[in-house]
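See below for the structure under consideration.
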Amino acid sequence: IAYFPDGYRKAANDPISPRALKHVNHLRRLCTEENTVCALVFVVQRSDCHIFQPTKNDPIYRKAVYEAKEAGVRILPHSVTWEDGEAVWKARMDMNLKDASDMF
């Protein structure tokens, strides 16, 4: 499984990446505008991952991604491998944006 985001946070209740959260919320607002298509693309640079999910370590971000998808933002996780120094775009990965353990 490929998780995003991963990293340090200042306080336990803070998002891991405030900037990533800001971008997701912006896309959610934009996709409500007429003739506007929004996509959140995750590029996973590993060949051994087959499922993408927003990390459960950041429930704020995880909920925001789920709500963005429900609002119409396209969530597009893809893996990329490197062959002879070139990036090779692979098929879209399966996703787990919400499951029974989520409280939203």
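Small disclaimer: the values here were computed from a predicted structure and weren't measured.
- Of all heavy-atom pairs between A71 and C31, the closest is O-SG, 3.2 Å.
- In this structure, V44 is not a member of the same hydrophobic cluster as W89, with clusters built from ILVMFWY side-chain heavy atoms closer than 4.5 Å.
- Not counting sequence neighbours, the partners of K90 by the side-chain contact (heavy atoms from CB on, under 4.5 Å) test are S79, T81, E83, V88.
- Note: the hydrophobic cluster containing F52 does not contain I16 (ILVMFWY, side chain heavy atoms under 4.5 Å, direct or indirect links).
- Side chain of T32 to backbone of L30: no donor-acceptor contact under 3.5 angstrom is found.
- Using a 4.5 Å cut-off on side-chain heavy atoms (C-beta onward), Y61 and V24 make contact.
- Within 6.0 Å of the CG atom in D48, the count of heavy atoms belonging to other residues, nucleotides or ligands exceeds 12.
- With contacts defined as side-chain heavy-atom distances shorter than 4.5 Å, the pair Q45/W82 qualifies.
- Looking only at side-chain heavy atoms (C-beta outward), R74 and C38 stay at 4.5 Å or farther from each other.
- Between the CD atom of E33 and the CG atom of N35 there is a distance of 10.5 Å, given to the nearest 0.5 Å.
- Atom CG of L40 sits about 12.0 Å away from atom NZ of K69, to the nearest 0.5 Å.
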Which donor-acceptor pairs under 3.5 Å do side chains of residues 97-104 form with protein atoms, sequence neighbours excluded?
from: K98; atom 1: NZ; to: F104; atom 2: O; distance (Å): 2.6
from: D99; atom 1: OD1; to: K56; atom 2: NZ; distance (Å): 3.0
from: D99; atom 1: OD1; to: S101; atom 2: N; distance (Å): 3.1
from: D99; atom 1: OD1; to: S101; atom 2: OG; distance (Å): 2.7
from: D99; atom 1: OD2; to: K56; atom 2: NZ; distance (Å): 2.6
from: D99; atom 1: OD2; to: N96; atom 2: ND2; distance (Å): 3.1
from: S101; atom 1: OG; to: K56; atom 2: NZ; distance (Å): 2.8
from: D102; atom 1: OD1; to: R62; atom 2: NE; distance (Å): 2.8
from: D102; atom 1: OD2; to: R62; atom 2: NE; distance (Å): 3.1
from: D102; atom 1: OD2; to: R62; atom 2: NH2; distance (Å): 3.0
from: D102; atom 1: OD2; to: D99; atom 2: N; distance (Å): 2.8

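- Hydrophobic clustering, with ILVMFWY side chains joined whenever heavy atoms are under 4.5 angstrom apart, groups M95 together with L27.
- With hydrophobic clusters built from ILVMFWY side chains whose heavy atoms lie under 4.5 angstrom apart, L76 does not share a cluster with Y66.
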